[in-house]
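We number each residue from 1, following the sequence as shown.
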Amino acid sequence: MAPAASKLRAREGLGALPQRALAQYLRLLRLYPVFTKAATSGILSALGNFLAQMIEKKREKGNCSQKLDVGGPLRYAIYGFFFTGPLSHLFYLFMERWIPSEVPLAGVKRLLLDRLLFAPALLLLFLLIVSFLEGKDAAAVAVQIRRRFWPALRVNWQVWTPAQFVNINYVPLQFRVLFANLVSLFWYMYLASLGK
């Protein structure tokens, strides 16, 4: 009887793990909002790049010698931690204060601000930072931006506009960066595939 009871307790302990993790995340979010969002952005950005590489490797089954680029997730983690997380946190706060919910058509105005100003700026910053971290010179960075910016921005507007509409209008402020990070998993997979 005792082994069965210990197995039951172990299962209950595992079931409580997500609740404890969520409680810890909420605590960190309250105490250290920028750092928590930066860390979450860094981790999920790295995971997005890693998944993109795994998908690419699986797609090219014939080339079994293809190794994973460990620098890719590291570059994405750096970008997510130092740029996406903190800048998104500040942007959502700014948007909330500059265009309060009471303003007529606040959701539409916020969405337009995000799509027409923040999205192009963040995409350009992404291309610059990642190219710099890859060790490219200024001429190669300029070519990379000319080649990738507009196609990526068009897809960004298609993918992110509905996601950001939901995020800006229905997700509580403290969870907007997390929501965007989850969408970013797929977005970073797309951006990484552009480099192939």
Side-chain angles (χ1 to χ4, degrees), residues 37-38 40-56 59 69 71-99 105-171 173 175-196:
K37 292 173 187 179
T40 305
S41 292
I43 291 166
L44 291 176
S45 296
L47 180 60
N49 181 269
F50 174 77
L51 292 173
Q53 289 188 55
M54 294 301 291
I55 290 168
E56 186 66 26
R59 200 176 336 169
D69 171 22
L74 180 60
R75 288 187 292 272
Y76 276 63
I78 290 168
Y79 178 76
F81 183 83
F82 289 104
F83 297 97
T84 303
L87 291 176
S88 296
H89 169 79
L90 294 172
F91 180 72
Y92 290 132
L93 282 176
F94 166 77
M95 205 168 28
E96 198 69 22
R97 290 184 180 125
W98 197 49
I99 308 172
L105 300 172
V108 173
K109 290 175 182 175
R110 289 177 182 178
L111 186 64
L112 288 172
L113 181 65
D114 176 76
R115 304 290 65 226
L116 299 176
L117 181 67
F118 191 65
L122 202 60
L123 178 61
L124 182 60
L125 185 64
F126 170 83
L127 294 172
L128 284 169
I129 298 299
V130 170
S131 294
F132 170 73
L133 292 172
E134 288 172 344
K136 293 187 170 125
D137 62 21
V141 171
V143 168
Q144 188 89 323
I145 289 171
R146 274 197 301 274
R147 194 181 97 231
R148 294 173 70 190
F149 181 77
W150 284 111
L153 185 59
R154 282 193 298 271
V155 174
N156 178 298
W157 284 337
Q158 293 168 356
V159 170
W160 280 94
T161 299
Q164 282 298 81
F165 179 80
V166 169
N167 196 13
I168 291 167
N169 291 299
Y170 300 106
V171 175
L173 181 61
F175 297 119
R176 287 182 190 164
V177 174
L178 176 61
F179 180 87
N181 288 156
L182 294 173
V183 176
S184 289
L185 270 176
F186 303 101
W187 176 244
Y188 284 141
M189 288 166 46
Y190 166 75
L191 288 177
S193 74
L194 284 180
K196 304 291 178 205

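Side-chain contact between S41 and H89 is absent, with no heavy atoms from C-beta onward closer than 4.5 Å. Within the 4.5 Å cutoff, the side chain of K109 has no heavy atoms near those of the M95 side chain. Inter-residue side-chain proximity for L47 and Y76 is flagged as unmet; no heavy-atom pair is nearer than 4.5 Å. Side-chain contact between L113 and F94: present, with at least one pair of heavy atoms (C-beta onward) separated by less than 4.5 Å. Contact of the K37 side chain with the T84 side chain is not registered, since no non-hydrogen atoms from C-beta on lie closer than 4.5 Å. Side-chain atoms of L44 and S184, non-hydrogen and from C-beta on, never get closer than 4.5 Å to each other.
Ring centers of F179 and F175: at least 6.0 Å apart, outside the cut-off.
Closest approach of P73 to D69, counting heavy atoms only: CD-O, 3.0 Å. Of all non-hydrogen atoms in A140 and D137, the two that sit nearest each other are N-OD1, 2.8 Å. Of all non-hydrogen atoms in R115 and W157, the two that sit nearest each other are O-NE1, 2.9 Å. Counting all heavy atoms, side chain and backbone alike, P86 lies closest to A38 at CD-CB, 3.9 Å. Closest heavy-atom contact between A119 and L153: C-CD1, 4.5 Å.
Around CZ of F81, the count of heavy atoms belonging to other residues, nucleotides or ligands within 6.0 Å exceeds 12.
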For residues 124-132, run the donor-acceptor check on the side chains, cut-off 3.5 Å, and write out each pair with its distance to 0.1 Å, sequence neighbours left out.
from, atom 1, to, atom 2, distance (Å)
S131, OG, L127, O, 2.8

Quiz item: Given the rule in the side chain to side chain contact (heavy atoms under 4.5 Å, CB included) test, do W160 and D114 qualify, once you have shown the distances and angles that lead to the verdict?
Solution: CA-CA 10 Å; W160 280 94; D114 176 76; 5.8 Å; no
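Here the CG atom belonging to L74 is positioned 12.0 Å from the OG atom belonging to S45, to the nearest 0.5 angstrom. Taking CD of E96 as the reference point, atom CZ of F91 lies at 11.0 Å (rounded to 0.5 Å). With rounding to the nearest 0.5 Å, the separation of CD in Q53 from CD1 in I55 is 11.0 Å.
Between the side chain of N167 and the main chain of A163, no donor-acceptor pair closer than 3.5 Å is present. Side chain of R110 to backbone of I99: a donor-acceptor contact under 3.5 angstrom is found.
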